[in-house]
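Protein chains get the first letters and strands the later ones, always in sequence-line order, with residue 1 at the start of each.
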Amino acid sequence: MTHLASICLLLLKIHTMKSCAGVSLKTQELYALVFVTRYLDLFSNFVSMYNTIMKIIFLSSTFGIIWYMRGHKLVRQSYDKEQDTFRHYFLVIPCMVLALVIHSKFTLLEVLWTFSIYLEAVAILPQLVLLQRTRNIDNLTGNYIFCLGAYRALYLLNWIYRYFMEKNYHAQWITWMAGMIQTAIYADFFYYYFKSWKKNERLKLPA
Amino acid sequence: EDAAVQKDEL
């Protein structure tokens, strides 16, 4: 739900302000790759209606955001292309190699799924780099990144709950480790987010 | 053989 909220916040910003200033297209494209490689089981592995609908929402909204940033006349002009310089392959290639080495089962679907877990953990990095370079971070962008970080932190709590409360729940070291790293990457951002919130000041990251 | 991870999360 927090993940869904983050997407709503981002779409709200882009749609109402007709601006994607401070939003990293690189992160959005990495997320698109994360969802495509993770949800390859969309039609073969039915978990629940909720699960299927959320998968479709995550996939379509991410491609919608990318379309807005690349294709929409006004939104495209507000994109900080010169600042958003992170290279995709710096993250994609190491994650691919890691997925080929560390996975639970050597099948195409399983390796791609593992790749998506690793890539998700670091997909925020281009956004954090852009954020540090952006002088005026608007509230919606700040809250968007907060929700994006919060959903994995909440997963950590959920994993602990499931581990102790569910009978048939097995240890998932790959997901847990990646989730911990993903949350840790946001630690610095969370710190400044709460600091600015407490002081009622505009969010600003130190250079 | 290693089992695949259960995939009921998003």
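- In this structure, chain B has a heavy atom under 4.5 Å from the side chain of A/Asn45, while its backbone stays farther away.
- For A/Tyr39, the part lying under 4.5 angstrom from a heavy atom of chain B is the side chain only.
- Only the side chain of A/Tyr50 comes within contact range of chain B, with at least one heavy atom under 4.5 Å from a heavy atom of that chain.
- The pair A/Lys55-A/Asp41 meets the salt-bridge criterion, with a side-chain N (NZ, NE, NH1 or NH2) lying under 4.0 Å from an Asp/Glu carboxylate O.
- For A/Arg76 and A/Tyr79, the positive end is not near the middle of the six-membered ring at less than 6.0 Å and at most 45° from its axis.
- Counting heavy-atom pairs closer than 4.5 Å to chain B, the top residue among A/Tyr151, A/Phe106, A/Phe35, A/Tyr169 is A/Tyr169.
- Within the 4.5 Å cutoff, the side chain of A/Val47 has no heavy atoms near those of the B/Lys7 side chain.
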Please assess A/Phe146 against A/Phe194 for the test ring pair (Phe, Tyr, Trp, His ring centres under 6.0 Å), listing each intermediate value before the final yes or no.
CA-CA 10 Å; A/Phe146 174 76; A/Phe194 283 120; 5.6 Å; yes
A/Ile102 and A/Thr114: CA distance, side-chain angles, deciding distance, side chain to side chain contact (heavy atoms under 4.5 Å, CB included) verdict:
CA-CA 8 Å; A/Ile102 305 174; A/Thr114 312; 6.0 Å; no
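- At a 4.5 Å heavy-atom cutoff, A/Trp173 makes no contact with chain B through either its backbone or its side chain.
- Only the side chain of A/Tyr155 comes within contact range of chain B, judged by heavy atoms closer than 4.5 Å.
- Contact check for A/Arg70 versus A/Val75: no side-chain heavy atoms found under the 4.5 Å cut-off.
- With a threshold of 4.5 angstrom between heavy atoms, A/Phe58 approaches chain B through side-chain atoms but not through N, CA, C or O.
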